[in-house]
Trainee: 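Here you go, one structure.
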Amino acid sequence: MREKRTGLFENGLIWFGAGVSIAEILTGTYFAPLGFEKGLAAILIGHVIGCLMLFLAGVIGGKARKSAMETVKMSFGQTGSLLFSILNVLQLVGWTAIMIYDGALAADGVMSAGRWVWCLIIGALILLWILIGITNLGKINTIAMAALFLLTMILCKVIFIDNGATGMISGETMSFGAAVELAVAMPLSWLPLISDYTREAKEPVKATAVSALVYGIVSTWMYVIGMGAAIYTGEYDIAQIMLKAGLGIVGLLIIIFSTVTTTFLDAYSAGVSSESILSGLNGRMIAMIVTIVGTIAAIVYPMDNITNFLYLIGSVFAPMIAIQIADFFFLQNNSERKAIDVPNMIVWLIGFIVYRLLMRVDILIGNTLPDMLITIILCLIVGKVYNGSR
């Protein structure tokens with residue numbers, strides 16, 4: 001029986017759903033103190049950097065027909081890859097909880113029913129998405145994405161056209177470099193996931209290009225909505241933005257569907273990643289467990305500021321994908337048969353430390369790109385030195 005493959009349109013829909021996110025709108029509000037022009041420049045530069053890395057990561061998995069964490073074995077070995085698989089599952093559990101929390105908080109602000117009630121509703125819808133499955137979501141995803149597209153267009157109109165205000169901008173609380181880094185951080189958080197979807201594509205390279213481009217455009221759009229709403233309405237609370245915009249039930253639908261379509265990808269990929277930790281695990285079952293755990297965590301714990309979480313993800317996965325890029329595109333190194341690729345693990349640790357150190361330095365283009373370039377160059381040098389023994 002032939003395996004069902006996803007087309008370019010389906011991959012585009014998946015990553016449209018990933019981009020339309022309350023978390024992205026909320027992150028966009030942090031750019032408001034920079035002013036619209038500087039904020040927009042930081043958002044664009046950050047997304048170009050982040051989505052280029054997203055494309056390269058997706059190509060590796062797409063060409064190899066392997067999930068994201070299976071491709072990690074090619075650079076770090078069977079045992080070495082376990083560290084990243086475990087960290088990836090943990091960050092995906094964290095993302096699932098954060099997304100459900102943000103969605104429930106915003107939904108409750110629009111229609112008060114208790115945050116825990118909205119957590120349960122969103123969690124149940126995510127479980128439904130998982131049960132339907134990634135390759136069977138076609139028509140449902142098309143309808144959901146068309147609705148989200150129309151609803152976000154309404155939101156844009158209300159904020160940028162109907163409001164008519166020039167907006168009051170407070171003094172800068174974030175440097176331009178830090179703002180670029182915050183824009184890079186969101187696409188970077190998808191690096192350990194994209195191959196889970198491009199491996200299923202009929203045309204992996206084209207599908208990866210479509211995925212990265214669609215996500216980049218939509219994510220930029222969400223950031224701009226958040227920034228514009230904060231500047232023009234003077235409001236940082238997404239629920240209040242919706243209410244001030246007079247959206248009501250429309251705003252509620254935006255919140256619910258955007259949360260479900262994005263968080264589904266986190267839970268689904270947690271399941272896929274878990275299979276690379278223990279081959280006997282059922283990915284779909286793990287995805288459902290992750291959704292349930294995330295729902296409970298969203299009910300129990302407050303998760304209002306995710307910037308440190310985003311930077312932590314960057315420090316772990318930016319040097320990881322840098323090494324994969326160096327290995328796959330330049331060195332043609334494959335360590336799948338090894339227990340652990342020690343040189344690459346050492347290079348990754350150096351990359352991780354460099355990232356944390358660069359966070360203290362205000363670099364105009366952020367610290368992800370410099371860290372990745374340093375890590376790639378170091379990996380190439382080490383790879384050439386150890387080439388004979390590999």
Side-chain angles (χ1 to χ4, degrees), residues 14-15 17-27 67-69 84-109 113-134 137 144 185-186 188-194 196-197 222 238-239 252 254-278 281-310 312-313 316-317:
I14 289 167
W15 288 94
V20 180
S21 157
I22 296 302
E24 310 239 358
I25 294 175
L26 287 171
T27 306
S67 71
M69 289 300 108
F84 301 103
S85 295
I86 292 167
L87 289 173
N88 189 40
V89 171
L90 289 174
Q91 72 115 352
L92 290 171
V93 172
W95 265 122
T96 301
I98 288 167
M99 295 301 296
I100 293 172
Y101 176 86
D102 284 343
L105 199 65
D108 194 54
R115 179 166 58 84
W116 68 273
V117 173
W118 289 112
C119 284
L120 292 175
I121 291 170
I122 293 168
L125 287 170
I126 295 165
L127 288 174
L128 177 63
W129 246 246
I130 292 167
L131 286 170
I132 294 168
I134 192 74
L137 275 172
M186 201 63 84
L188 199 68
S189 71
W190 293 106
L191 286 182
L193 282 72
I194 187 168
D196 296 348
Y197 307 96
M222 293 300 106
I238 188 66
L252 186 66
I254 294 175
I255 291 165
I256 298 296
F257 275 105
S258 65
T259 303
V260 171
T261 56
T262 306
T263 315
F264 157 74
L265 299 181
D266 295 318
Y268 176 84
S269 282
V272 174
S273 293
S274 69
E275 290 176 342
S276 66
I277 299 171
L278 285 174
L281 290 176
N282 183 311
R284 182 175 290 188
M285 185 60 66
I286 296 298
M288 294 177 76
I289 292 170
V290 166
T291 303
I292 293 166
V293 171
T295 303
I296 294 168
I299 292 170
V300 175
Y301 300 108
M303 304 174 194
D304 296 304
N305 192 327
I306 64 168
T307 51
N308 289 332
F309 179 68
L310 285 172
L312 181 61
I313 290 171
V316 170
F317 294 109

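Numbering of residues begins at 1 and proceeds along the displayed sequence.
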Trainee: From S67 OG over to I194 CD1, what is the distance, rounded to the nearest 0.5 angstrom?
Mentor: 13.5 Å
Trainee: Can any side-chain N or O of Y197 pair as donor or acceptor with the backbone N or O of L265 at less than 3.5 Å?
Mentor: yes
Trainee: If you take the centroid of each ring, where Trp contributes its six-membered ring, are Y301 and Y101 closer together than 6.0 Å?
Mentor: no
Trainee: Do you know the tightest heavy-atom contact between S273 and M69?
Mentor: OG-CG, 3.4 Å
Trainee: Grab the two heavy atoms, one from S21 and one from M99, that are nearest each other, plus how far apart they are.
Mentor: OG-CE, 3.2 Å
Trainee: Strictly distance-based, threshold 3.5 Å: is any side-chain N or O of S189 a donor or acceptor partner for the main-chain N or O of M186?
Mentor: yes
Trainee: L191: what forms a side chain to side chain contact (heavy atoms under 4.5 Å, CB included) with it, not counting sequence neighbours?
Mentor: M53, L54, A57, L188, I321
Trainee: If you round to the nearest 0.5 Å, how far is CG of L120 from CD1 of I100?
Mentor: 9.5 Å
Trainee: Would you mind telling me which of I289, I86, L281 makes a side chain to side chain contact (heavy atoms under 4.5 Å, CB included) with S274?
Mentor: L281
Trainee: Which heavy atom of L131 sits nearest a heavy atom of R284, and at what distance?
Mentor: O-NH1, 3.3 Å
Trainee: In Å, rounded to the nearest 0.5 Å, how long is the span from CH2 of W15 to OG1 of T262?
Mentor: 10.0 Å
Trainee: Give the table of side-chain donor-acceptor pairs shorter than 3.5 Å for residues 90-98, with sequence neighbours excluded, one pair per line with atom names and distance.
Mentor:
| unit_1 | atom_1 | unit_2 | atom_2 | d |
| --- | --- | --- | --- | --- |
| Q91 | OE1 | W95 | NE1 | 3.2 |
| Q91 | NE2 | N88 | OD1 | 2.9 |
| T96 | OG1 | L92 | O | 2.7 |

Trainee: I'd like to check I299 versus W118 (side-chain heavy atoms, cut-off strictly below 4.5 Å). Are they in contact?
Mentor: no
Trainee: For I255 and G103, work out which heavy atoms get closest and say how close.
Mentor: CG2-O, 3.2 Å
Trainee: Taking it one step at a time, do I122 and I256 satisfy side chain to side chain contact (heavy atoms under 4.5 Å, CB included)?
Mentor: CA-CA 7 Å; I122 293 168; I256 298 296; 3.9 Å; yes
Trainee: What's the shortest heavy-atom distance between T295 and G123, and which atoms?
Mentor: OG1-CA, 3.6 Å
Trainee: Distance from W116 atom CH2 to I121 atom CD1, nearest 0.5 Å?
Mentor: 9.5 Å
Trainee: When rounded to the nearest 0.5 angstrom, what is the spacing between CG in L312 and CZ in F317?
Mentor: 9.0 Å
Trainee: Can you name the nearest heavy-atom pair linking A267 to V290, along with the distance?
Mentor: CA-CG1, 4.3 Å
Trainee: Test side chain to side chain contact (heavy atoms under 4.5 Å, CB included) on Y268 and T291 and set out the steps.
Mentor: CA-CA 9 Å; Y268 176 84; T291 303; over 6 Å; no
Trainee: What residues form a side chain to side chain contact (heavy atoms under 4.5 Å, CB included) with A185, not counting sequence neighbours?
Mentor: L310
Trainee: Compare all side-chain heavy atoms of V89 with those of I277 and state whether any distance is below 4.5 angstrom.
Mentor: yes
